[in-house]
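A quick write-up on the structure given underneath.
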Amino acid sequence: MANQHQVKAKKHLGQHFLEDESIAQDIADSLSFKGYDHVLEIGPGMGVLTKYLLKKDTTLHVIEIDTESVDYLKNNYLNLADRIIEKDFLKYDLNLVFEDKPYAIIGNFPYNISSQILFKTIEQRHQIPEFSGMFQKEVAMRICSKEGSKVYGILSVLTQAFYDAEYLFTVPPTVFNPPPKVDSGVLLLKRKENFTLPCDEKLFFRVVKTGFQQRRKTLRNSLKTFNLSDNLKANTIFGQRPEQLSVSQFIELTSLIENDEN
């Protein structure tokens, strides 16, 4: 291997290179590699996680926007060279690579775009049965939290509507170069067997986002813009605050609003 510090971490890309081999191995081992033949690693950097993924019985693709990292990977991982996608994950149409085939997502995600990576995964959920990644610890815990928690919110509900979310382990700043200012957390998402909702999905997203925008208010007040009938607003569910509702209750709430007759 060439010098591990050859690629300079770039602040504007949110790069923090993982240097702990055992943690990289644990992240690679977190996927089941069942039900799909392809894995996409986002932001491989200098390939600390990549090298463990290449040992798995899967076809690995990586997507990397940093040209210096791309050059490093091409020079050090020759068998990966034709599966390096030099694009921005958030803007790139992955159907150009995977067509309609299922694939898993994995990575040590830049903190500044980690939530957007998750939202794009949710949009593409019909193709992504598994997802494992490193987030800022606070964000990872929020994604996996249940109703009643102070950190339960939009990310929690929208993710858990389609995936079972599990917080795996915490990673200290000391194992990164440069070290971030906060702890990181690794989580695993496994898509639910039934990942279609029994309600209007666009409306569900709107209800969840609008409800949590004023999380201290009851839903009767925070959902005023939906022009609900007085009859519907009398339902006891509207007397609760958004963080008190489980995912299934948000689905029920959406169905009630969908069928409301003003």
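Along the sequence shown, the residues carry numbers beginning at 1. Small disclaimer: the values here were computed from a predicted structure and weren't measured.
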Any donor and acceptor pair, going by atom type alone, linking the side chain of [X] with main-chain N or O of [Y] inside 3.5 Å?
{"X": "E64", "Y": "D66", "answer": "yes"}
{"X": "N259", "Y": "S255", "answer": "yes"}
{"X": "N108", "Y": "G43", "answer": "no"}
{"X": "E243", "Y": "G153", "answer": "no"}
{"X": "Q249", "Y": "S246", "answer": "yes"}
{"X": "R215", "Y": "Y152", "answer": "yes"}
{"X": "Q136", "Y": "D183", "answer": "no"}
{"X": "Y111", "Y": "V139", "answer": "no"}

Using side-chain heavy atoms (C-beta onward) and a distance below 4.5 Å, is [X] in contact with [Y]?
{"X": "L53", "Y": "T58", "result": "no"}
{"X": "L18", "Y": "I27", "result": "yes"}
{"X": "F135", "Y": "I117", "result": "no"}
{"X": "D20", "Y": "F176", "result": "no"}
{"X": "K137", "Y": "S184", "result": "no"}
{"X": "L187", "Y": "C144", "result": "yes"}
{"X": "V39", "Y": "F33", "result": "yes"}
{"X": "E166", "Y": "L168", "result": "yes"}

What are the two closest heavy atoms between [X] and [Y], and how far apart are they?
{"X": "D88", "Y": "I63", "result": "C-CD1, 4.2 Å"}
{"X": "L80", "Y": "L60", "result": "CD1-O, 3.6 Å"}
{"X": "E68", "Y": "V7", "result": "OE2-CA, 3.6 Å"}
{"X": "S132", "Y": "V186", "result": "OG-CG1, 4.3 Å"}
{"X": "L219", "Y": "I237", "result": "CD1-O, 3.6 Å"}
{"X": "A28", "Y": "L49", "result": "N-CD1, 3.6 Å"}

Donor on one side chain, acceptor on other, [X] and [Y], under 3.5 Å:
{"X": "K192", "Y": "Q160", "value": "no"}
{"X": "T50", "Y": "E41", "value": "yes"}
{"X": "T196", "Y": "N194", "value": "yes"}
{"X": "S222", "Y": "Q213", "value": "no"}

Can you confirm whether [X] is buried at [atom1], in the sense that more than 12 heavy atoms of other residues, nucleotides or ligands lie under 6.0 Å from that atom?
{"X": "K101", "atom1": "NZ", "value": "yes"}
{"X": "R125", "atom1": "CZ", "value": "yes"}
{"X": "D93", "atom1": "CG", "value": "yes"}
{"X": "K87", "atom1": "NZ", "value": "no"}

* To do: Could you check D71 against S69 for side chain to side chain donor-acceptor pair (under 3.5 Å), going step by step and ending with a plain yes or no?
  => CA-CA 5 Å; D71 289 343; S69 286; over 6 Å; no
* To do: Evaluate the criterion side chain to side chain donor-acceptor pair (under 3.5 Å) for residue pair D260 and S229; output intermediate values, then yes/no.
  => CA-CA 7 Å; D260 185 30; S229 68; 2.6 Å; yes
* To do: List for me each residue that meets ring pair (Phe, Tyr, Trp, His ring centres under 6.0 Å) alongside F250, sequence neighbours excluded, and say none if there are none.
  => F212
* Asked: Does F98 have any ring pair (Phe, Tyr, Trp, His ring centres under 6.0 Å) partners at least two apart in sequence or in another chain, and if so, which?
  -> H38, H61, Y103
* To do: Test F131 against every option in F109, F119, Y36 by the ring pair (Phe, Tyr, Trp, His ring centres under 6.0 Å) rule and name the one that passes.
  => F109
* **Face-on cation placement of R220 at F238 ring, 6.0 Å and 45° thresholds** => no
* Asked: Do NZ/NE/NH1/NH2 and the carboxylate oxygens of K51 and E21 come within less than 4.0 Å?
  -> yes
* **Carboxylate-amine/guanidinium contact D164 R191, below 4.0 Å** => no
* Structure fact -> With sequence neighbours left out, the residues meeting side-chain hydrogen bond (donor to acceptor under 3.5 Å, both in side chains) with E86 are K74
